[in-house]
Amino acid sequence: MRLTEKLSPKAQSIAEVFRCFVTFFLIAGLLLICATKMTDSRLTFAILLLTGWLSWTFTEYALHRFWMHNFFRYGKSNLYDIHMEHHKHPKDMKVNGYHRLLTFSVSVIILSVAIYLNNYFTLFAGFCLGFSFYSFLHYLLHQPWSRYIMPNLQKAHIHHHGKYPDKGFSFSVILWDWLFDTLPPKEAEISDKMLSFYFKNGSQSHQKKK
Ligand SMILES: [Zn+2]
Ligand SMILES: [Zn+2]
Ligand SMILES: [Zn+2]
């Protein structure tokens, strides 16, 4: 039995957010200590970049789980509405190819600056790269062929759009879902109906003009 089971639902929610953040800061902290212990500056750079990227993936997880899904049920937020629209029309995305290319180009510039500076700025570069990868990855997760590249993430995301909106919050790595028990149940199956809903084009699924 979990310690938090005796708490009120609201206290449980707070405890859960706390648990996630503490776990993340422990992991990031350990990585940072490792980075400072490296004798080779290229290794330090790589670990800092990785830590920055992981920080993004945790941010993505936390934002999606705690904010976009209205974890605390505080009225309605704009982001929640936009996100629920995406849940109803999986292929509709507010971000397009141009946005993706732009964020990618900007993060490549930031990465070049990080290589030049070779200091803690690398953390920020990793975070930005993570953000730009995420915008590509979410797009990829909605393409049928991506099951060959990232089958687990895609499965979790299909379930997230289906019967398990409270599971599968990751876009970039399955790590946080796995660590925080938000993987969809192993035995949950994906029906053809779910697949056709998930891969259906936005223009076919509703008439609203974009
Ligand atoms: Zn729509
Ligand atoms: Zn999606
Ligand atoms: Zn969602």
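Quick caveat, the model's predicted, so the values are computed rather than measured. Each ligand, and each atom within it, is numbered from 1 in the order the structure gives. Positions are given from 1 along the sequence.
For the residue pair T57 and Y134, no side-chain donor N or O sits within less than 3.5 Å of a side-chain acceptor on the partner. If you check the side chains of E60 and S170, you find no donor sitting under 3.5 Å from an acceptor.
Annotation: H89 is not in aromatic contact with H161 [ring centroid separation under 6.0 Å not met].
With rounding to the nearest 0.5 angstrom, the CZ atom of F136 is 11.0 Å from the CZ atom of F131.
Each of K167, R65, R19 was scored for a salt bridge (charged side-chain N to carboxylate O under 4.0 Å, His left out) with D181, with one residue passing: R19.
For a distance threshold of 2.8 Å, the protein N, O or S atoms nearer than that to the Zn ion (ligand 2), listed by chain and number, are H86 NE2, H138 NE2, H142 NE2, H157 NE2, H161 NE2.
The minimum distance between the Zn ion (ligand 3) and any N, O or S atom of H69 involves atom NE2.
Side-chain atoms of H64 come within 3.5 Å of backbone N or O of F169 as a donor-acceptor pair.
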